[in-house]
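Heads up, the thing below is written out as structure tokens.
Naming convention: chains lettered A, B, ... in sequence-line order (proteins, then strands); numbering from 1 in each chain.
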Protein chains: 2
Amino acid sequence: MKHIAESTVRRLSLYLRFLEEFEAHGHQTISSGELASQGGTTSAQVRKDLSFFGSFGKRGLGYSVSDLSSRLREILGLGRPWKVVIVGAGKIGAALAQYRGFRERGFRIVGIYDVDPQSIGLALDGVTVRDQRDMETDLMSLNAEIALLAVPAEVAQPLTDRLVAAGIGAILNFASTPLHVPSHVTIRSVNMALELEILSYALVNRDA
Amino acid sequence: MKHIAESTVRRLSLYLRFLEEFEAHGHQTISSGELASQGGTTSAQVRKDLSFFGSFGKRGLGYSVSDLSSRLREILGLGRPWKVVIVGAGKIGAALAQYRGFRERGFRIVGIYDVDPQSIGLALDGVTVRDQRDMETDLMSLNAEIALLAVPAEVAQPLTDRLVAAGIGAILNFASTPLHVPSHVTIRSVNMALELEILSYALVNRDA
DNA sequence: CCTTGTGAATCGTTTCACAGCC
DNA sequence: GGCTGTGAAACGATTCACAAGG
């Protein structure tokens, strides 16, 4: 299949969220315009996004809410649960471990790792924090596909290398440093300080 | 000034980070190629990004590390500290309150608000959690410019409306719902479940 | 008549390539 | 010789506009 832009995938996730809300309200069909208004985009954008994957609608009618939902779940790979490990049980790691939004979407936390003896042994939302030395053997036996990396910047790259060597498929990085991975591993970064800097820029240039 | 793309601003932040590291290592000048390699971009991209704001380099030589740093800080609006409030003292709000990266960059947490009587009164990194009812009066007197919104999706929009009415300039939203604000307010969202879904998509389509 | 699906047009961003300067 | 600064070219994403189908 043709390469799909990240912005498109992001919007597909948003459409799915809205479809689920719509479904809960008992609606059966939805038009591209209705889907668009929620995500702050246009009906043409919605139709174009969907057209990359097929034709799911009925002309004159719109889309079946349940059909489109399940089709989007399939496209996004949410049909099956994903096994996720968290590396770093500090403030951010602990918050992630207890975040409900992951479980709801089929992302199951199967392991949490840290080096601090004070953290090791603690139970976070039913998962016990284990010694980082156990990470590789656990990863191999659990076959976890995704890692959430919530460690200080200085150790982020070496830990990434260990995760990659242990066969991880994707990493979500919360450290404020860019990471290097081989091309078969997918990496994304959430950098909160950087988001604030973008807001800072916007504030300073409000009327420029 | 011409409108600057968000991707450009994001890269400027990354350049600044790297410049600071470079400065700490005692280097005086840096070329666009060196700056690029860190951020995973190209030398032409670096030069183009900077060219929107002026000519800071010397041909044949590169850029003065300290000059370019301070120029970038100025462009990004980091020359002065920003007053930030956190709305929601749950797991994520508390983690944000204690995150060092904000303070280092001049983002000062001046208030934290919640509705839970159990949280109110707690001190998080030196700031006491206050009743959400005090939010508006505090915002007016403190003149905080930025809010971090870490509350459940259901209350995110009403709280946004209150922040906007109280004169907030920018909001960083951690709730998993898109928010509506008037155009003079800047809003950005960090949606962790959505980031995981993008990884999920990548994993499923690795070899497609 | 209403709404989808899609080629064509537009718009914006990145990359190229080279003149200008140290 | 080396590196910047920048128009021009290439590329990619969004928007338009309309034919096709319920």
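When DNA chain C is scanned 5' to 3' for any atom under 4.0 Å from a heavy atom of chain B, the first and last hits are C/dT13 to C/dC22.
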Would you please test B/Gln45 and B/Leu50 for side chain to side chain contact (heavy atoms under 4.5 Å, CB included) and show each step?
-> CA-CA 9 Å; B/Gln45 180 79 77; B/Leu50 296 176; over 6 Å; no
Check the pair B/Glu104, B/Arg100 against side chain to side chain contact (heavy atoms under 4.5 Å, CB included), reporting the backbone distance first and the verdict last.
-> CA-CA 6 Å; B/Glu104 281 166 15; B/Arg100 286 307 205 77; 4.1 Å; yes
Check against side chain to side chain contact (heavy atoms under 4.5 Å, CB included), A/Asp138 and A/Tyr113 | CA-CA 10 Å; A/Asp138 282 15; A/Tyr113 302 92; 2.6 Å; yes
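By the 4.0 Å N-to-carboxylate-O rule, A/Arg105 lies close enough to A/Glu20 to be salt-bridged with it. Classification of A/Arg17 and B/Glu197 as a salt-bridged pair holds, one side-chain N sitting under 4.0 Å from a carboxylate O.
Residue A/Arg11 places at least one side-chain N or O under 4.0 Å from the OP1 or OP2 atom of D/dT14. Listed pair B/Ser32 / D/dT4 meets the phosphate criterion, a side-chain N or O lying under 4.0 Å from OP1 or OP2. Residue A/Gln45 has a polar side-chain atom (N or O) positioned under 4.0 Å from OP1 or OP2 of D/dT15.
One interatomic measurement links the two molecules: NE2 of A/His3 to P of D/dG12, which rounds to 10 Å at whole-angstrom precision. Between B/Ile30 atom CD1 and D/dT4 atom C1' there is a gap of 14 Å when expressed in whole angstrom units. What separates CZ of A/Phe52 from P of D/dT14 is a distance of 8 Å, to the nearest Å. To the nearest angstrom, C1' of D/dT6 lies 16 Å from CZ of B/Phe53. One atom, CD of A/Glu6, and another, P of D/dA13, lie 11 Å apart when rounded to the nearest Å. Atom CD of B/Gln28 and atom C1' of D/dC3 are 18 Å apart (whole Å).
Of the two residues near DNA chain C, B/Thr42 and A/Ser51, the one whose nearest nucleotide lies more 5' is A/Ser51. Each of A/Arg59 and A/Thr41 lies near DNA chain D, and the nucleotide nearest A/Thr41 is the one positioned closer to the 5' end.
Contact check of residues 60-70 of chain A against DNA chain C (heavy atom, cut-off under 4.0 Å) returns A/Gly60, A/Leu61, A/Gly62, A/Tyr63.
Contact annotation for B/Ser43: no contact, since no heavy-atom pair falls under 4.0 Å across all strands.
Sequence neighbours left out, the pairs with a member in residues 166-191 of chain B that pass salt bridge (charged side-chain N to carboxylate O under 4.0 Å, His left out) are A/Glu195-B/Arg188, B/Glu6-B/Arg188.
A 4.5 Å side-chain heavy-atom check between B/Leu124 and B/Ile109 finds every atom pair outside the cut-off.
Aromatic rings from A/Tyr99 and A/Phe102 are positioned such that their centres are separated by under 6.0 Å.
The two residues B/Asp114 and B/Ala89 have their closest heavy-atom pair at OD2-N, 2.6 Å.
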